[in-house]
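What you see below is based on every heavy atom in this structure, not just the backbone, and it leaves out hydrogens, waters and symmetry mates. All residue numbers refer to positions in the sequence shown, counting from 1. Quick caveat, the model's predicted, so the values are computed rather than measured.
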Amino acid sequence: MMEQLHTDVSQRVVLYTPSLPWQASPVAGVERRQLERDGGEVARATSVVRYAAGARFNSHTHALGEEFLVLEGIFEDEHGNYGPGTYVKNPPGSSHTPFTRDGVSIWVKLRHLDVADTERVVVDTATAQWYPGMVAGLSVLPLSEYATQHTALVRWAPGTRFNRHRHFGGEEIFVVNGTFEDEHGSYPAGTWIRSPHMSEHQPFSLEGCTILVKTGHLPL
């Protein structure tokens with residue numbers, strides 16, 4: 001059964017994920033809060049997914065890849081264990097059998113990578129090196145890049161303000177902690193924001209925050 005949710009990427013979308021209902025997946029113990037979806041059970045999708053303790057997903061192949069960030073708990077598969085703050089990019093054509101012993105929640109994005117992007121990436125963001133951003137108070141941890149697509153964590157010290165700018169190829173943000181802000185609103189932890197190609201804003205954070213940012217991946 002085909003499902004379409006927030007598939008019009010020319011529209012800005014803001015969702016506070018803790019207020020969304022958990023929906024059952026085909027696998028017992030695995031639930032998801034859907035943010036965008038285009039397709040059936042195999043779909044281009046962005047979600048927050050939680051596994052109950054002992055839950056195990058079927059072995060599957062990611063024909064067009066996946067990216068995920070572990071929010072809480074430990075995510076596992078036959079390739080390794082991934083604790084809180086771990087970012088993983090599984091490239092197109094990769095496969096795995098994910099599970100968790102004690103329960104886990106992840107932000108995950110499916111079927112959006114270029115078929116030529118063959119690099120698998122695993123980053124423990126708790127121990128990785130961060131770099132100074134373009135303005136004082138901003139720190140950046142690059143996670144993945146291919147062609148126009150860039151994924152990074154960005155840390156905002158309290159009171160940091162960034163320059164007004166446009167997003168060529170769009171921008172997607174998931175607020176990991178703290179409160180992110182711009183002239184359009186205030187976005188606490190758990191908020192997902194998708195802004196279309198050539199959208200513009202002037203972001204800041206009064207209390208400080210960390211955000212996962214993906215740019216350059218939306219249709220022009």
Side-chain angles (χ1 to χ4, degrees), residues 3-9 11-38 41 43-55 57 66-76 82-88 98-112 125-126 141 143 151-158 160 170-196 199 201 203-215 217-218:
E3 183 176 352
Q4 291 195 318
L5 177 67
H6 300 135
T7 56
D8 184 354
V9 296
Q11 299 299 308
R12 184 173 184 264
V13 181
V14 179
L15 296 173
Y16 180 56
T17 62
S19 69
L20 300 178
W22 289 107
Q23 299 177 330
S25 80
V27 176
V30 179
E31 299 175 299
R32 55 201 178 194
R33 284 171 164 156
Q34 301 197 79
L35 307 178
E36 60 177 354
R37 189 173 191 88
D38 187 4
E41 189 50 42
R44 180 185 176 104
T46 305
S47 312
V48 174
V49 179
R50 70 178 179 186
Y51 287 60
F57 210 87
E66 74 166 351
E67 291 177 286
F68 66 84
L69 179 72
V70 180
L71 304 176
E72 296 179 310
I74 299 177
F75 186 84
E76 303 174 67
Y82 318 100
T86 303
Y87 164 86
V88 177
F99 63 97
T100 179
R101 290 177 173 84
D102 300 318
V104 70
S105 63
I106 62 174
W107 174 93
V108 60
K109 193 167 182 67
L110 302 169
R111 296 183 64 83
H112 62 288
T125 66
L141 174 54
L143 298 173
T151 307
L153 277 182
V154 181
R155 184 184 292 153
W156 299 65
T160 301
E171 178 188 58
E172 189 172 338
I173 288 173
F174 183 79
V175 183
V176 178
N177 59 53
T179 301
F180 178 74
E181 301 171 80
D182 64 13
E183 68 271 36
H184 306 299
S186 179
Y187 317 102
T191 303
W192 178 75
I193 309 159
R194 190 188 69 199
S195 300
S199 56
H201 71 158
F204 61 96
S205 180
L206 295 180
E207 74 169 60
C209 64
T210 300
I211 60 175
L212 179 70
V213 183
K214 188 168 179 67
T215 59
H217 62 298
L218 299 179

How close do [X] and [Y] get, heavy atom to heavy atom, and via which atoms?
X: Pro158; Y: Glu207; value: CG-O, 3.4 Å
X: Ile74; Y: Thr100; value: O-OG1, 2.9 Å
X: Cys209; Y: Thr179; value: CB-N, 3.6 Å
X: Pro84; Y: Leu71; value: CB-O, 4.3 Å
X: Val9; Y: Arg194; value: CA-NH2, 3.7 Å
X: His217; Y: Glu171; value: CE1-C, 4.4 Å

Exercise for review: For the pair Arg33 (side chain) and Gln23 (backbone), establish whether a donor and an acceptor sit closer than 3.5 Å, ignoring hydrogens and angles.
Suggested key: no
**Study point:** Donor-acceptor under 3.5 Å (Thr151 side chain, Lys214 main chain)
**Key:** no
Exercise for review: For the residue pair Trp107 and Phe174, categorise the inter-ring angle as parallel (less than 30°), tilted (30 to 60°) or perpendicular (more than 60°).
Suggested key: tilted
Practice item. Would you confirm whether the ring centroid of Phe75 sits within less than 6.0 angstrom of the ring centroid of Phe68? Key: yes
Exercise for review: Output all residues satisfying side-chain hydrogen bond (donor to acceptor under 3.5 Å, both in side chains) with Tyr87, sequence neighbours left out; order by chain, then residue number.
Suggested key: Glu67
Review point. Can Phe180 and Ile173 be said to form a side chain to side chain contact (heavy atoms under 4.5 Å, CB included), step by step?
Key: CA-CA 10 Å; Phe180 178 74; Ile173 288 173; 3.7 Å; yes
Check your understanding: Does a donor on one side chain sit under 3.5 Å from an acceptor on the other, for Asn177 and Thr210?
Key -> yes
Practice item. Measure from NZ or CZ of Arg32 to the centre of the six-membered ring of Trp22 and say whether it is under 6.0 Å with the direction within 45° of the ring axis. Key: no
Review point. Can Glu31 and Arg50 be counted as an ion pair, charged N to O under 4.0 angstrom?
Key: yes
Practice item. With side-chain hydrogen bond (donor to acceptor under 3.5 Å, both in side chains) as the test, would you mind laying out the steps for Thr46 and Glu36 before giving the verdict? Key: CA-CA 5 Å; Thr46 305; Glu36 60 177 354; 2.6 Å; yes
